2 protein chains.
Amino acid sequence: MSRCVMEQRPKGPERREDALSRERIVAAAIEILDAEGERALTFRALANRLSTGSGAIYWHVPDKDALLSVATETVLSGAMAEIAGGSDPAAALRALALSVFDAIEAHPWVGTQLAREPWQPAMVEVFERSAAQFERLGVSRGSLFHCVSAYVHYLLGTAAQTAAAARHKFAASDRPAVLAAIVERWTRRDPAQYPFVHRLAEQVRTHDEREAFLAGLDLILAGAKPTR
Amino acid sequence: MSRCVMEQRPKGPERREDALSRERIVAAAIEILDAEGERALTFRALANRLSTGSGAIYWHVPDKDALLSVATETVLSGAMAEIAGGSDPAAALRALALSVFDAIEAHPWVGTQLAREPWQPAMVEVFERSAAQFERLGVSRGSLFHCVSAYVHYLLGTAAQTAAAARHKFAASDRPAVLAAIVERWTRRDPAQYPFVHRLAEQVRTHDEREAFLAGLDLILAGAKPTR
DNA sequence: GACATGCCTGGAACGATGTTCCAATGAATT
DNA sequence: AATTCATTGGAACATCGTTCCAGGCATGTC
(Lines give C-alpha, C1' and ligand atoms only; values in the text may rest on other atoms or scores of the structure.)
Protein backbone atom coordinates (compact mmCIF):
# COMPACT_ATOMS: atom_id res chain seq x y z
CA MET A 1 0.00 0.00 0.00
CA SER A 2 2.93 2.28 0.56
CA ARG A 3 3.54 1.85 -3.13
CA CYS A 4 0.59 4.02 -4.00
CA VAL A 5 1.95 7.12 -2.30
CA MET A 6 3.61 9.10 -5.01
CA GLU A 7 4.49 12.40 -3.35
CA GLN A 8 7.49 10.69 -1.91
CA ARG A 9 9.22 11.31 -5.21
CA PRO A 10 8.96 14.91 -6.36
CA LYS A 11 8.92 13.89 -9.94
CA GLY A 12 10.46 11.38 -12.20
CA PRO A 13 9.94 9.06 -15.07
CA GLU A 14 12.77 7.09 -13.51
CA ARG A 15 10.39 5.56 -11.03
CA ARG A 16 7.94 3.36 -12.83
CA GLU A 17 4.89 5.49 -13.29
CA ASP A 18 2.86 2.48 -14.29
CA ALA A 19 2.68 1.20 -10.74
CA LEU A 20 -0.44 -0.91 -10.43
CA SER A 21 -3.28 0.21 -8.21
CA ARG A 22 -6.94 -0.52 -7.86
CA GLU A 23 -7.85 2.83 -9.38
CA ARG A 24 -5.56 2.45 -12.36
CA ILE A 25 -6.99 -1.01 -13.01
CA VAL A 26 -10.56 0.20 -12.78
CA ALA A 27 -9.79 3.18 -15.01
CA ALA A 28 -8.27 0.90 -17.64
CA ALA A 29 -11.27 -1.42 -17.40
CA ILE A 30 -13.65 1.48 -17.96
CA GLU A 31 -11.64 2.58 -20.97
CA ILE A 32 -11.86 -0.88 -22.52
CA LEU A 33 -15.57 -1.19 -21.75
CA ASP A 34 -16.33 2.20 -23.29
CA ALA A 35 -14.15 1.77 -26.35
CA GLU A 36 -14.62 -1.88 -27.26
CA GLY A 37 -17.72 -3.09 -25.44
CA GLU A 38 -18.41 -5.54 -22.66
CA ARG A 39 -17.15 -8.62 -24.45
CA ALA A 40 -13.73 -7.07 -24.91
CA LEU A 41 -13.04 -6.77 -21.19
CA THR A 42 -10.95 -9.80 -20.34
CA PHE A 43 -8.20 -10.09 -17.79
CA ARG A 44 -5.78 -10.76 -20.60
CA ALA A 45 -6.77 -7.61 -22.49
CA LEU A 46 -6.62 -5.69 -19.25
CA ALA A 47 -3.20 -7.07 -18.37
CA ASN A 48 -2.01 -6.30 -21.87
CA ARG A 49 -3.15 -2.68 -21.67
CA LEU A 50 -1.50 -2.31 -18.28
CA SER A 51 1.63 -4.12 -19.49
CA THR A 52 1.52 -6.75 -16.80
CA GLY A 53 0.13 -10.22 -16.16
CA SER A 54 -3.25 -11.42 -14.98
CA GLY A 55 -1.86 -12.43 -11.62
CA ALA A 56 -0.82 -8.88 -10.80
CA ILE A 57 -4.38 -7.70 -11.35
CA TYR A 58 -5.77 -10.35 -9.06
CA TRP A 59 -3.62 -8.96 -6.29
CA HIS A 60 -5.65 -5.74 -6.35
CA VAL A 61 -9.08 -7.08 -7.37
CA PRO A 62 -10.79 -10.25 -6.08
CA ASP A 63 -12.45 -11.26 -9.35
CA LYS A 64 -14.17 -10.00 -12.46
CA ASP A 65 -17.52 -9.45 -10.80
CA ALA A 66 -15.92 -7.19 -8.26
CA LEU A 67 -14.08 -5.33 -10.99
CA LEU A 68 -17.32 -4.69 -12.87
CA SER A 69 -19.00 -3.71 -9.65
CA VAL A 70 -16.36 -1.15 -8.78
CA ALA A 71 -16.35 0.21 -12.33
CA THR A 72 -20.12 0.62 -12.22
CA GLU A 73 -19.90 2.28 -8.85
CA THR A 74 -17.23 4.66 -10.10
CA VAL A 75 -19.33 5.82 -13.03
CA LEU A 76 -22.58 6.07 -11.11
CA SER A 77 -21.26 7.92 -8.10
CA GLY A 78 -19.51 10.30 -10.46
CA ALA A 79 -22.78 10.93 -12.25
CA MET A 80 -24.72 11.50 -9.07
CA ALA A 81 -22.25 13.98 -7.71
CA GLU A 82 -23.35 16.48 -10.29
CA ILE A 83 -27.08 16.65 -9.78
CA ALA A 84 -28.51 19.88 -8.47
CA GLY A 85 -30.74 19.91 -5.43
CA GLY A 86 -33.12 22.38 -3.91
CA SER A 87 -35.75 22.57 -6.58
CA ASP A 88 -39.19 21.06 -6.21
CA PRO A 89 -39.48 17.31 -5.53
CA ALA A 90 -40.72 16.30 -8.97
CA ALA A 91 -37.89 18.17 -10.64
CA ALA A 92 -35.40 16.57 -8.27
CA LEU A 93 -36.76 13.11 -9.09
CA ARG A 94 -36.42 13.87 -12.78
CA ALA A 95 -32.89 15.17 -12.34
CA LEU A 96 -31.89 12.11 -10.32
CA ALA A 97 -33.31 9.71 -12.88
CA LEU A 98 -31.80 11.66 -15.75
CA SER A 99 -28.34 11.57 -14.25
CA VAL A 100 -28.55 7.79 -14.04
CA PHE A 101 -30.02 7.62 -17.53
CA ASP A 102 -27.28 9.77 -19.01
CA ALA A 103 -24.59 7.76 -17.27
CA ILE A 104 -26.01 4.56 -18.74
CA GLU A 105 -26.24 6.06 -22.20
CA ALA A 106 -22.63 7.18 -22.02
CA HIS A 107 -21.51 3.82 -20.62
CA PRO A 108 -24.05 1.20 -21.71
CA TRP A 109 -22.26 -1.61 -19.88
CA VAL A 110 -23.40 0.10 -16.68
CA GLY A 111 -26.93 -0.78 -17.70
CA THR A 112 -26.03 -4.43 -18.14
CA GLN A 113 -24.31 -4.52 -14.78
CA LEU A 114 -27.22 -2.76 -13.10
CA ALA A 115 -29.71 -5.23 -14.53
CA ARG A 116 -27.57 -8.11 -13.35
CA GLU A 117 -26.64 -6.81 -9.91
CA PRO A 118 -29.12 -4.07 -8.99
CA TRP A 119 -28.13 -3.34 -5.42
CA GLN A 120 -24.90 -1.52 -5.94
CA PRO A 121 -24.11 1.12 -3.32
CA ALA A 122 -24.92 3.86 -5.83
CA MET A 123 -28.35 2.35 -6.30
CA VAL A 124 -28.94 2.47 -2.58
CA GLU A 125 -28.09 6.13 -2.87
CA VAL A 126 -30.76 6.48 -5.55
CA PHE A 127 -33.18 4.65 -3.31
CA GLU A 128 -32.49 6.99 -0.44
CA ARG A 129 -32.63 10.23 -2.38
CA SER A 130 -35.74 9.32 -4.33
CA ALA A 131 -37.54 8.28 -1.15
CA ALA A 132 -36.81 11.68 0.35
CA GLN A 133 -38.20 13.42 -2.71
CA PHE A 134 -41.29 11.24 -2.87
CA GLU A 135 -42.00 12.09 0.74
CA ARG A 136 -41.58 15.78 0.00
CA LEU A 137 -44.02 15.17 -2.84
CA GLY A 138 -46.62 14.25 -0.26
CA VAL A 139 -46.66 10.49 -0.67
CA SER A 140 -47.96 8.73 2.42
CA ARG A 141 -45.70 6.43 4.37
CA GLY A 142 -47.78 3.46 3.40
CA SER A 143 -47.26 3.87 -0.31
CA LEU A 144 -43.77 5.34 -0.15
CA PHE A 145 -42.20 1.97 -0.66
CA HIS A 146 -44.32 1.21 -3.68
CA CYS A 147 -43.49 4.55 -5.27
CA VAL A 148 -39.77 4.18 -4.78
CA SER A 149 -39.95 0.59 -5.91
CA ALA A 150 -41.75 1.52 -9.13
CA TYR A 151 -39.30 4.35 -9.68
CA VAL A 152 -36.30 2.06 -9.32
CA HIS A 153 -37.83 -0.70 -11.41
CA TYR A 154 -38.51 1.77 -14.19
CA LEU A 155 -34.90 2.88 -13.96
CA LEU A 156 -33.67 -0.71 -14.12
CA GLY A 157 -35.86 -1.48 -17.10
CA THR A 158 -34.52 1.52 -18.94
CA ALA A 159 -31.01 0.43 -18.04
CA ALA A 160 -31.55 -3.00 -19.54
CA GLN A 161 -33.19 -1.60 -22.63
CA THR A 162 -30.49 0.97 -23.27
CA ALA A 163 -27.73 -1.56 -22.72
CA ALA A 164 -29.35 -4.01 -25.11
CA ALA A 165 -29.74 -1.35 -27.76
CA ALA A 166 -26.10 -0.40 -27.40
CA ARG A 167 -25.08 -4.03 -27.74
CA HIS A 168 -26.80 -4.22 -31.10
CA LYS A 169 -25.29 -0.92 -32.06
CA PHE A 170 -21.89 -2.47 -31.53
CA ALA A 171 -22.72 -5.40 -33.75
CA ALA A 172 -23.77 -3.34 -36.77
CA SER A 173 -22.32 -0.03 -36.02
CA ASP A 174 -24.70 2.39 -37.67
CA ARG A 175 -27.75 3.13 -35.71
CA PRO A 176 -30.48 3.78 -38.31
CA ALA A 177 -29.82 0.46 -39.97
CA VAL A 178 -30.17 -1.37 -36.69
CA LEU A 179 -33.40 0.40 -35.85
CA ALA A 180 -34.68 -0.35 -39.31
CA ALA A 181 -33.79 -4.00 -38.90
CA ILE A 182 -35.69 -4.22 -35.64
CA VAL A 183 -38.68 -2.46 -37.10
CA GLU A 184 -38.51 -4.72 -40.11
CA ARG A 185 -38.53 -7.77 -37.88
CA TRP A 186 -41.56 -6.36 -36.16
CA THR A 187 -43.42 -5.46 -39.26
CA ARG A 188 -42.77 -8.77 -40.87
CA ARG A 189 -45.59 -9.98 -38.69
CA ASP A 190 -49.02 -9.90 -40.12
CA PRO A 191 -50.18 -6.27 -39.94
CA ALA A 192 -53.73 -7.35 -39.41
CA GLN A 193 -52.76 -9.22 -36.28
CA TYR A 194 -50.40 -6.56 -34.94
CA PRO A 195 -51.84 -3.16 -35.81
CA PHE A 196 -50.38 -1.29 -32.85
CA VAL A 197 -46.90 -2.63 -33.37
CA HIS A 198 -47.03 -1.30 -36.88
CA ARG A 199 -48.34 2.04 -35.84
CA LEU A 200 -45.75 2.36 -33.09
CA ALA A 201 -42.91 1.13 -35.24
CA GLU A 202 -42.74 4.44 -37.03
CA GLN A 203 -42.54 6.20 -33.71
CA VAL A 204 -39.75 3.92 -32.56
CA ARG A 205 -37.76 4.76 -35.65
CA THR A 206 -37.72 8.46 -34.91
CA HIS A 207 -38.15 8.66 -31.19
CA ASP A 208 -35.84 10.44 -28.81
CA GLU A 209 -35.04 8.03 -26.03
CA ARG A 210 -34.29 10.68 -23.49
CA GLU A 211 -37.60 12.38 -24.07
CA ALA A 212 -39.46 9.07 -23.96
CA PHE A 213 -37.72 8.22 -20.72
CA LEU A 214 -38.83 11.49 -19.16
CA ALA A 215 -42.38 11.07 -20.41
CA GLY A 216 -42.61 7.60 -18.89
CA LEU A 217 -41.18 8.91 -15.66
CA ASP A 218 -43.81 11.63 -15.54
CA LEU A 219 -46.41 8.91 -15.82
CA ILE A 220 -45.18 7.42 -12.57
CA LEU A 221 -44.90 10.79 -10.91
CA ALA A 222 -48.42 11.69 -11.99
CA GLY A 223 -49.67 8.44 -10.51
CA ALA A 224 -47.80 9.05 -7.28
CA LYS A 225 -49.02 12.56 -6.67
CA PRO A 226 -52.55 11.76 -5.39
CA THR A 227 -50.94 10.18 -2.29
CA ARG A 228 -53.11 7.17 -2.85
CA MET B 1 -21.43 -27.50 -43.43
CA SER B 2 -24.91 -28.34 -42.35
CA ARG B 3 -26.72 -25.60 -40.62
CA CYS B 4 -29.79 -25.46 -38.52
CA VAL B 5 -32.92 -24.64 -40.44
CA MET B 6 -36.48 -24.82 -39.30
CA GLU B 7 -37.45 -26.83 -42.31
CA GLN B 8 -39.85 -29.66 -42.71
CA ARG B 9 -39.07 -33.11 -41.52
CA PRO B 10 -39.81 -35.86 -44.04
CA LYS B 11 -43.42 -36.40 -43.34
CA GLY B 12 -44.57 -39.96 -42.85
CA PRO B 13 -42.13 -42.27 -41.11
CA GLU B 14 -40.94 -41.22 -37.69
CA ARG B 15 -37.47 -41.55 -36.41
CA ARG B 16 -36.42 -43.28 -33.28
CA GLU B 17 -38.53 -42.10 -30.43
CA ASP B 18 -35.45 -40.79 -28.66
CA ALA B 19 -34.54 -38.84 -31.77
CA LEU B 20 -33.15 -35.42 -31.13
CA SER B 21 -35.30 -32.47 -32.04
CA ARG B 22 -35.34 -28.78 -31.40
CA GLU B 23 -38.26 -29.19 -29.00
CA ARG B 24 -36.64 -31.97 -27.03
CA ILE B 25 -33.47 -29.95 -26.71
CA VAL B 26 -35.31 -26.83 -25.58
CA ALA B 27 -37.36 -28.85 -23.10
CA ALA B 28 -34.21 -30.35 -21.61
CA ALA B 29 -32.61 -26.91 -21.44
CA ILE B 30 -35.61 -25.53 -19.56
CA GLU B 31 -35.45 -28.43 -17.12
CA ILE B 32 -31.80 -27.73 -16.37
CA LEU B 33 -32.37 -23.99 -16.06
CA ASP B 34 -35.27 -24.48 -13.66
CA ALA B 35 -33.63 -27.15 -11.56
CA GLU B 36 -30.02 -26.02 -11.36
CA GLY B 37 -29.93 -22.39 -12.43
CA GLU B 38 -28.52 -20.44 -15.33
CA ARG B 39 -24.89 -21.32 -14.70
CA ALA B 40 -25.65 -25.02 -14.95
CA LEU B 41 -26.83 -24.84 -18.54
CA THR B 42 -23.83 -25.85 -20.62
CA PHE B 43 -23.78 -27.73 -23.87
CA ARG B 44 -21.94 -30.53 -22.13
CA ALA B 45 -24.57 -30.84 -19.40
CA LEU B 46 -27.26 -30.65 -22.03
CA ALA B 47 -25.59 -33.31 -24.17
CA ASN B 48 -25.16 -35.47 -21.12
CA ARG B 49 -28.82 -35.22 -20.18
CA LEU B 50 -29.83 -36.05 -23.74
CA SER B 51 -27.23 -38.82 -23.94
CA THR B 52 -25.51 -37.40 -26.97
CA GLY B 53 -22.64 -35.08 -27.92
CA SER B 54 -22.44 -31.34 -28.26
CA GLY B 55 -22.17 -31.57 -32.03
CA ALA B 56 -25.57 -33.21 -32.35
CA ILE B 57 -27.15 -30.30 -30.49
CA TYR B 58 -25.52 -27.78 -32.76
CA TRP B 59 -27.18 -29.40 -35.70
CA HIS B 60 -30.56 -28.36 -34.34
CA VAL B 61 -29.67 -25.08 -32.65
CA PRO B 62 -27.33 -22.38 -34.05
CA ASP B 63 -25.77 -21.37 -30.72
CA LYS B 64 -26.41 -20.84 -27.06
CA ASP B 65 -28.00 -17.43 -27.47
CA ALA B 66 -30.57 -18.88 -29.82
CA LEU B 67 -31.22 -21.73 -27.42
CA LEU B 68 -31.87 -19.31 -24.56
CA SER B 69 -34.00 -17.20 -26.83
CA VAL B 70 -36.20 -20.10 -27.87
CA ALA B 71 -36.46 -21.32 -24.27
CA THR B 72 -37.57 -17.86 -23.15
CA GLU B 73 -40.04 -17.69 -25.97
CA THR B 74 -41.44 -21.08 -25.07
CA VAL B 75 -42.08 -20.11 -21.47
CA LEU B 76 -43.46 -16.67 -22.23
CA SER B 77 -45.82 -17.66 -25.01
CA GLY B 78 -47.07 -20.47 -22.80
CA ALA B 79 -47.74 -17.99 -20.02
CA MET B 80 -49.53 -15.55 -22.28
CA ALA B 81 -51.81 -18.17 -23.72
CA GLU B 82 -53.63 -18.40 -20.42
CA ILE B 83 -54.63 -14.82 -19.73
CA ALA B 84 -58.28 -14.00 -19.83
CA GLY B 85 -59.58 -11.19 -21.97
CA GLY B 86 -62.80 -9.24 -22.11
CA SER B 87 -62.68 -7.43 -18.82
CA ASP B 88 -61.96 -3.74 -18.51
CA PRO B 89 -58.69 -2.36 -19.92
CA ALA B 90 -56.96 -1.74 -16.60
CA ALA B 91 -57.75 -5.25 -15.45
CA ALA B 92 -56.46 -6.63 -18.74
CA LEU B 93 -53.22 -4.69 -18.36
CA ARG B 94 -52.81 -6.05 -14.85
CA ALA B 95 -53.52 -9.58 -16.01
CA LEU B 96 -51.05 -9.29 -18.86
CA ALA B 97 -48.31 -7.94 -16.61
CA LEU B 98 -49.05 -10.51 -13.94
CA SER B 99 -48.76 -13.39 -16.37
CA VAL B 100 -45.31 -12.20 -17.36
CA PHE B 101 -44.41 -11.59 -13.72
CA ASP B 102 -45.52 -15.04 -12.67
CA ALA B 103 -43.64 -16.66 -15.52
CA ILE B 104 -40.47 -14.89 -14.46
CA GLU B 105 -40.94 -15.84 -10.84
CA ALA B 106 -41.41 -19.47 -11.82
CA HIS B 107 -38.44 -19.35 -14.23
CA PRO B 108 -36.11 -16.57 -13.05
CA TRP B 109 -33.67 -17.12 -15.91
CA VAL B 110 -36.39 -15.72 -18.18
CA GLY B 111 -35.90 -12.43 -16.38
CA THR B 112 -32.18 -12.46 -17.06
CA GLN B 113 -32.75 -13.26 -20.70
CA LEU B 114 -35.40 -10.58 -21.01
CA ALA B 115 -33.10 -7.96 -19.54
CA ARG B 116 -30.35 -8.98 -21.93
CA GLU B 117 -32.42 -9.39 -25.10
CA PRO B 118 -35.69 -7.52 -24.58
CA TRP B 119 -37.21 -7.78 -28.03
CA GLN B 120 -38.21 -11.40 -28.07
CA PRO B 121 -41.30 -12.19 -30.13
CA ALA B 122 -43.29 -12.71 -26.95
CA MET B 123 -42.36 -9.21 -25.85
CA VAL B 124 -43.66 -7.81 -29.11
CA GLU B 125 -46.86 -9.61 -28.25
CA VAL B 126 -46.91 -7.83 -24.90
CA PHE B 127 -46.27 -4.57 -26.70
CA GLU B 128 -49.18 -5.15 -29.04
CA ARG B 129 -51.67 -6.29 -26.46
CA SER B 130 -50.83 -3.58 -23.95
CA ALA B 131 -51.10 -0.90 -26.61
CA ALA B 132 -54.58 -2.09 -27.45
CA GLN B 133 -55.60 -1.93 -23.80
CA PHE B 134 -54.07 1.49 -23.25
CA GLU B 135 -56.04 2.76 -26.19
CA ARG B 136 -59.23 1.28 -24.79
CA LEU B 137 -58.29 3.06 -21.59
CA GLY B 138 -58.63 6.33 -23.44
CA VAL B 139 -54.97 7.22 -23.91
CA SER B 140 -54.44 9.59 -26.82
CA ARG B 141 -52.44 8.49 -29.81
CA GLY B 142 -49.75 10.98 -29.00
CA SER B 143 -48.96 9.54 -25.58
CA LEU B 144 -49.75 5.93 -26.42
CA PHE B 145 -46.14 5.17 -27.18
CA HIS B 146 -44.95 6.67 -23.91
CA CYS B 147 -47.49 4.69 -21.92
CA VAL B 148 -46.60 1.40 -23.54
CA SER B 149 -42.92 2.20 -23.25
CA ALA B 150 -43.21 2.93 -19.54
CA TYR B 151 -45.26 -0.22 -19.07
CA VAL B 152 -42.68 -2.38 -20.82
CA HIS B 153 -39.75 -0.75 -19.07
CA TYR B 154 -41.39 -1.36 -15.72
CA LEU B 155 -41.86 -4.97 -16.72
CA LEU B 156 -38.21 -5.29 -17.75
CA GLY B 157 -37.02 -3.71 -14.52
CA THR B 158 -39.07 -6.14 -12.50
CA ALA B 159 -37.68 -8.96 -14.61
CA ALA B 160 -34.11 -7.96 -13.86
CA GLN B 161 -34.83 -7.48 -10.18
CA THR B 162 -36.60 -10.80 -9.78
CA ALA B 163 -33.88 -12.64 -11.66
CA ALA B 164 -31.17 -11.06 -9.55
CA ALA B 165 -33.00 -11.97 -6.35
CA ALA B 166 -33.34 -15.55 -7.54
CA ARG B 167 -29.65 -15.69 -8.35
CA HIS B 168 -28.80 -14.80 -4.79
CA LYS B 169 -31.37 -17.28 -3.59
CA PHE B 170 -29.45 -19.97 -5.42
CA ALA B 171 -26.21 -19.00 -3.75
CA ALA B 172 -27.48 -19.20 -0.18
CA SER B 173 -30.58 -21.22 -0.56
CA ASP B 174 -32.78 -19.94 2.22
CA ARG B 175 -34.57 -16.78 1.48
CA PRO B 176 -34.88 -14.96 4.83
CA ALA B 177 -31.15 -15.15 5.39
CA VAL B 178 -30.47 -13.58 2.01
CA LEU B 179 -32.95 -10.80 2.61
CA ALA B 180 -31.44 -10.22 6.02
CA ALA B 181 -27.98 -10.04 4.52
CA ILE B 182 -29.06 -7.42 2.01
CA VAL B 183 -30.82 -5.40 4.65
CA GLU B 184 -27.79 -5.70 6.85
CA ARG B 185 -25.58 -4.40 4.10
CA TRP B 186 -27.92 -1.49 3.69
CA THR B 187 -28.22 -0.68 7.34
CA ARG B 188 -24.51 -0.84 7.86
CA ARG B 189 -24.52 2.62 6.37
CA ASP B 190 -24.78 5.52 8.70
CA PRO B 191 -28.47 5.68 9.72
CA ALA B 192 -28.26 9.44 10.01
CA GLN B 193 -27.24 9.71 6.39
CA TYR B 194 -29.68 7.14 5.07
CA PRO B 195 -32.89 7.44 7.09
CA PHE B 196 -35.22 6.27 4.34
CA VAL B 197 -33.21 3.21 3.51
CA HIS B 198 -33.46 2.21 7.13
CA ARG B 199 -37.14 2.85 7.32
CA LEU B 200 -37.77 0.95 4.10
CA ALA B 201 -35.47 -1.91 4.98
CA GLU B 202 -38.03 -3.33 7.36
CA GLN B 203 -40.62 -3.19 4.62
CA VAL B 204 -38.30 -4.98 2.21
CA ARG B 205 -37.84 -7.76 4.69
CA THR B 206 -41.52 -8.57 4.85
CA HIS B 207 -42.89 -7.36 1.55
CA ASP B 208 -44.83 -9.43 -0.92
CA GLU B 209 -43.23 -8.93 -4.29
CA ARG B 210 -46.33 -9.72 -6.26
CA GLU B 211 -48.35 -7.16 -4.37
CA ALA B 212 -45.60 -4.55 -4.69
CA PHE B 213 -45.44 -5.23 -8.40
CA LEU B 214 -49.16 -4.65 -8.78
CA ALA B 215 -49.03 -1.49 -6.68
CA GLY B 216 -46.26 -0.05 -8.83
CA LEU B 217 -48.17 -0.99 -11.94
CA ASP B 218 -51.24 0.84 -10.67
CA LEU B 219 -49.06 3.89 -10.29
CA ILE B 220 -48.38 3.86 -14.00
CA LEU B 221 -51.99 3.13 -14.84
CA ALA B 222 -53.13 5.97 -12.62
CA GLY B 223 -50.74 8.31 -14.37
CA ALA B 224 -51.92 7.13 -17.77
CA LYS B 225 -55.62 7.47 -17.15
CA PRO B 226 -55.94 11.29 -17.52
CA THR B 227 -55.16 10.90 -21.24
CA ARG B 228 -52.53 13.55 -20.83
C1' DG C 1 27.32 -3.86 3.74
C1' DA C 2 24.86 -8.46 3.99
C1' DC C 3 20.89 -10.76 5.08
C1' DA C 4 16.03 -11.65 5.82
C1' DT C 5 11.13 -10.25 5.19
C1' DG C 6 7.05 -9.32 2.81
C1' DC C 7 4.50 -6.75 -0.62
C1' DC C 8 4.03 -6.89 -5.43
C1' DT C 9 4.75 -8.59 -10.22
C1' DG C 10 4.62 -11.40 -14.47
C1' DG C 11 3.47 -15.22 -16.82
C1' DA C 12 2.80 -20.24 -16.97
C1' DA C 13 -0.61 -23.63 -15.95
C1' DC C 14 -5.40 -25.48 -14.93
C1' DG C 15 -10.11 -26.45 -15.61
C1' DA C 16 -14.25 -25.16 -17.94
C1' DT C 17 -16.78 -23.27 -21.63
C1' DG C 18 -18.76 -22.31 -26.55
C1' DT C 19 -17.93 -23.78 -30.88
C1' DT C 20 -16.06 -26.34 -34.94
C1' DC C 21 -14.73 -30.42 -37.25
C1' DC C 22 -15.08 -34.94 -38.79
C1' DA C 23 -15.52 -39.87 -38.99
C1' DA C 24 -19.18 -43.07 -38.30
C1' DT C 25 -24.04 -44.48 -38.51
C1' DG C 26 -28.16 -45.93 -40.68
C1' DA C 27 -32.55 -44.87 -43.04
C1' DA C 28 -34.11 -43.54 -47.61
C1' DT C 29 -33.53 -43.62 -52.42
C1' DT C 30 -31.76 -45.40 -56.68
C1' DA D 1 -26.87 -53.82 -53.47
C1' DA D 2 -25.04 -49.49 -53.78
C1' DT D 3 -25.27 -44.85 -52.87
C1' DT D 4 -26.71 -40.75 -50.73
C1' DC D 5 -27.15 -37.73 -47.11
C1' DA D 6 -29.34 -36.22 -42.93
C1' DT D 7 -27.98 -37.08 -38.30
C1' DT D 8 -25.07 -38.37 -34.60
C1' DG D 9 -21.28 -38.59 -30.98
C1' DG D 10 -17.23 -37.03 -29.37
C1' DA D 11 -12.50 -35.30 -30.10
C1' DA D 12 -10.17 -31.04 -30.89
C1' DC D 13 -9.54 -25.93 -30.63
C1' DA D 14 -9.49 -21.25 -29.00
C1' DT D 15 -10.54 -18.50 -25.23
C1' DC D 16 -11.95 -17.37 -20.80
C1' DG D 17 -11.63 -16.73 -15.43
C1' DT D 18 -8.78 -18.11 -12.04
C1' DT D 19 -4.82 -20.16 -9.41
C1' DC D 20 -0.07 -20.87 -8.58
C1' DC D 21 4.50 -19.85 -8.04
C1' DA D 22 9.14 -18.35 -8.88
C1' DG D 23 11.10 -14.47 -8.76
C1' DG D 24 11.98 -8.83 -8.03
C1' DC D 25 12.41 -4.81 -5.30
C1' DA D 26 11.96 -2.03 -1.34
C1' DT D 27 12.56 -1.87 3.47
C1' DG D 28 14.00 -3.19 8.31
C1' DT D 29 17.63 -5.61 11.09
C1' DC D 30 22.05 -7.04 12.30
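Source: prediction; values computed, not measured. So you know, we letter chains A, B, ... as the sequences are listed, proteins then strands, and number each from 1.
Side chain of Tyr58(A), nearest nucleotide from dT19(D), dG18(C), dT8(D): dT19(D). Counting only heavy atoms from C-beta on, Thr52(A) has its side chain closest to dG10(C) among dT20(C), dG10(C), dT8(D). Out of dT9(C), dG18(C), dT8(D), the shortest distance to the side chain of Leu20(B) is found at dT8(D). When distances are taken from the side chain of Lys64(B) to each of dT20(C), dT8(D), dG18(C), the shortest belongs to dG18(C). You'll find that the side chain of Ala56(B) is closest to dG9(D), out of dG9(D), dC8(C), dA12(D). Considering only the side chain of Arg44(B), dT19(C) comes nearest among dG17(D), dT19(C), dT8(D). Closest to the side chain of Ser54(B), from the set dG10(D), dT8(D), dT9(C), is dG10(D).
The closest side-chain donor-acceptor pair between His198(B) and Gln193(B), if any, does not fall under 3.5 angstrom. Neither side chain, Ser99(B) nor Glu82(B), offers a donor N or O lying under 3.5 Å from an acceptor on the other. Residues Ser69(B) and Gln120(B) have side chains that bring a donor and an acceptor to within less than 3.5 angstrom of each other. Side-chain N/O atoms of Thr112(A) and Arg167(A) include a donor and acceptor closer than 3.5 Å.
Applying the 4.0 Å criterion to OP1 and OP2 of dC7(C), one finds that His60(A) has every side-chain N and O outside that range.
Residue-to-nucleotide proximity on DNA chain D shows that, of Leu41(A) and Ser51(B), the 5′-proximal contact is made by Ser51(B). Projected onto DNA chain C by closest heavy-atom contact, Trp59(A) and Gly55(A) fall at different nucleotides, the more 5' of which corresponds to Trp59(A).
Rounded to an integer number of Å, the gap from Asp65(B) CG to dT19(C) C1' is 12 Å. Between Leu46(A) atom CG and dT9(C) atom P the separation is 13 Å, expressed in whole Å. Rounded to whole Å, atom C1' of dG10(C) lies 15 Å from atom CZ of Phe43(A). Note: CZ (Arg24(B)) to P (dT7(D)) measures 15 Å, nearest angstrom. Taking atom CZ on Arg39(B) and atom P on dG18(C), their separation rounds to 11 Å, with Å as the unit. The separation between Ile57(B) atom CD1 and dG9(D) atom P is 10 Å, rounded to whole Å. We find that CG of Leu68(A) is positioned 10 Å from P of dT18(D), with the value rounded to whole Å.
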(request) Check the pair His168(B), Glu117(A) against side chain to side chain donor-acceptor pair (under 3.5 Å), reporting the backbone distance first and the verdict last. (result) CA-CA 10 Å; His168(B) 287 287; Glu117(A) 213 68 44; 2.6 Å; yes
